[in-house]
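Everything below concerns the one structure shown next.
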Amino acid sequence: MAVWAVAPVIYNSTLGTWEKAPITLTAAQKAEMRTFLDQMFLVNGTDSNYSFDGSTWSSTRNLSDSPIGMFIERYNVRLYLLDVKIRGTRYASRVWFSDLPKNNQITWGLETGTDLVQTISSAVVTSAGSLFKTRNIKVGDPFTIETGTNAGEYVVQSIDSEIQITLTTTVAASATGSSFWVGGNYFDVDTDDGDTGKGFGKNSNELLVFKRNSLWRFNHKAQEQRQIKGAVGTTARRSIINLGDYTYYYHPTGVYRTAGTNSVLISNAIEDLIEGVTAANQTEIVAWVEDENDVCMYLGDITLRNGDTISNCVIAFDTNNETWSPRSYPFTIRAATVWLESNIPSVYVGDDASHVNKLNTGNAFGSNDIPFSVEKTVFPAGTNAICTFDRYRVTVENGPDLTFVYKLIHIPTNTEDRWISDLDWHPMRGTSDGSRSEFHFDLNHNRANGVTIKAIESSKSAGLLIEKGTLYYSNEAD
């Protein structure tokens, strides 16, 4: 299932077609989905929440009087909503949770209305259009009167009937037609103060609540909420991903991982890539897991410190050896999911052109070549020796389109104790027309302390393998 423009669309694997759902959503609003009770629940923070049972859509089935949620998560046999709206009022740091299922149905412990009747010096209030017992309103729940002379927050003393509640205090005046809401299935994650809710995660059997600059954990059984000390939050809900014992996520300062007790920055090795994320993409980072070991994150178009650019950059973190590698795709990625096909996980991503793409299959991105590059920096005689670089011999399997470029590092100048380094790449002469090839440096630009060599290839051919590279040079004492 995907959401394009103003409606969900469902893939019919039998017919090989996408079928549009008979509901309309607000354009440009990100939709978040979770499965629960054999249904799919959809929220987007603006429209009514929806459930889909495989055949029909409903805004009331298991959702009657639920607050509108921006984010949704399933945790410990309940659904949780974050950044909620109740009667049009937004509570950006509030988490609202469902009641426990009963007969495969859930309530949300919330009732709202615009017909509240109050009597002076009485604690009894009535609402002819309400269903206080059906909605599972509880003793001790907050009762908020939003309009009229008695506007304020009260507490429920008893639920007398479907339409009547007794409060713990009397009201000051008689009134009719007041707007109200009542319910207590929520907790606030600190105050907003510019640090609002950004998404959920789960770790160590606890619910993680991400704000922009802080991270919180919640244990429903203990009814305990704790801030993870020193942890930043996220700007991008879809960057939150679990693998093994860790939850990984993006923040403008880098990529972090947490096991629920602290949060550790793990992206120092690719700091220049993180710095290159544009302001517009800070909320658009998308994460997924590949090959059961790699955490991948889409960063968008990146400009590195040296001026190089990577279009639609994805970074991949190999959790086995804890190394990073970047890659480029020919399309924007807005969402990602894993779908089991014959018990084999496949990664599907949605772009911004109403396409769903299956990753890591075939030798091309649709009709586009797959680009590849890898680079290595060496100081072959140490950082205090001048080298004259001659050629680079490479042994490669299936790399007929492979080319090489280079940058010199610490080039001596005519001014004593002054060194410069290349900002631009220089091509190497040679072709990869066999299993062993040689690429030569420009004879007028080949003297420096060190060199960065980059291999580049873009084709629809099967994957290549660089088996060995040998750098030929001579050196002189500095």
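Computed from a predicted structure; not experimentally measured.
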Exercise for review: List the atom of Asp301, the atom of Thr278, and the distance in Å for their closest heavy-atom pair.
Suggested key: O-CG2, 4.0 Å

Check your understanding: What's the shortest heavy-atom distance between Ala287 and Ala336, and which atoms?
Key ->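 Heavy atoms of Ala287 and Ala336 come nearest at O-CB, 4.1 Å.
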
Check your understanding: Less than 6.0 Å separating the ring centroids of Tyr80 and Phe97?
Key ->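 Yes.
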
Exercise for review: May I ask you to check whether Phe210 and Phe200 place their ring centres under 6.0 Å from each other?
Suggested key: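 So the answer is no for these two rings.
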
Could you tell me whether the side chains of [X] and [Y] share a donor-acceptor contact shorter than 3.5 Å?
| X | Y | value |
| --- | --- | --- |
| Ser263 | Tyr249 | yes |
| Asn205 | Lys221 | no |
| Thr46 | Asn44 | no |
| Asp192 | Ser93 | yes |

Give a yes or no answer on whether the side chain of [X] reaches the backbone of [Y] with a donor-acceptor pair at less than 3.5 Å.
| X | Y | answer |
| --- | --- | --- |
| Ser214 | Lys211 | no |
| Thr147 | Ser179 | yes |
| Glu73 | Gly201 | no |

Are [X] and [Y] side-chain neighbours, meaning at least one heavy-atom pair lies under 4.5 Å?
| X | Y | result |
| --- | --- | --- |
| Asn312 | Thr332 | yes |
| Leu304 | Leu273 | yes |
| Leu42 | Pro8 | yes |
| Asp190 | Asp188 | no |
| Val124 | Thr119 | no |

Practice item. Please indicate whether Gln223 has more than 12 foreign heavy atoms, meaning atoms of other residues, nucleotides or ligands, lying under 6.0 Å from its CD. Key: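 Count over threshold, so yes.
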
Check your understanding: Within a radius of less than 6.0 Å around OH of Tyr246, do more than 12 heavy atoms belonging to other residues, nucleotides or ligands occur?
Key -> no

Starting at [atom1] of [X], measure out to [atom2] of [Y] and round the result to the nearest 0.5 Å.
| X | Y | atom1 | atom2 | value |
| --- | --- | --- | --- | --- |
| Ile165 | Ile159 | CD1 | CD1 | 5.5 Å |
| Asp38 | Asp53 | CG | CG | 10.0 Å |
| Asp272 | Asn306 | CG | CG | 7.5 Å |
| Leu215 | Asn262 | CG | CG | 10.5 Å |
| Asp141 | Leu167 | CG | CG | 11.5 Å |
| Glu162 | Arg135 | CD | CZ | 8.5 Å |

So [X] and [Y], would you call those rings parallel, tilted or perpendicular, with 30° and 60° as cut-offs?
| X | Y | result |
| --- | --- | --- |
| Phe41 | Phe36 | tilted |
| Trp288 | Tyr329 | perpendicular |
| Phe143 | Phe132 | tilted |

Check your understanding: Name the one of Trp108, Tyr91, Phe71, Tyr186 that satisfies ring pair (Phe, Tyr, Trp, His ring centres under 6.0 Å) with Trp96?
Key ->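 Of Trp108, Tyr91, Phe71, Tyr186, ring pair (Phe, Tyr, Trp, His ring centres under 6.0 Å) with Trp96 is met by Tyr186 alone.
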
Review point. Step by step, would you call Glu284 with Arg237 a salt bridge (charged side-chain N to carboxylate O under 4.0 Å, His left out)?
Key: CA-CA 8 Å; Glu284 305 300 323; Arg237 157 64 190 96; over 6 Å; no

Point to revise | Partner of Glu206 under side chain to side chain donor-acceptor pair (under 3.5 Å), chosen from His220, Arg226, Gln225 | key: Arg226

Review point. Looking at Val277, Ile241, Ile240, Ile315, which one forms a side chain to side chain contact (heavy atoms under 4.5 Å, CB included) with Tyr250?
Key: Val277

Exercise for review: Step by step, work out the salt bridge (charged side-chain N to carboxylate O under 4.0 Å, His left out) result for Arg94 and Asp83.
Suggested key: CA-CA 6 Å; Arg94 180 162 293 179; Asp83 190 349; over 6 Å; no

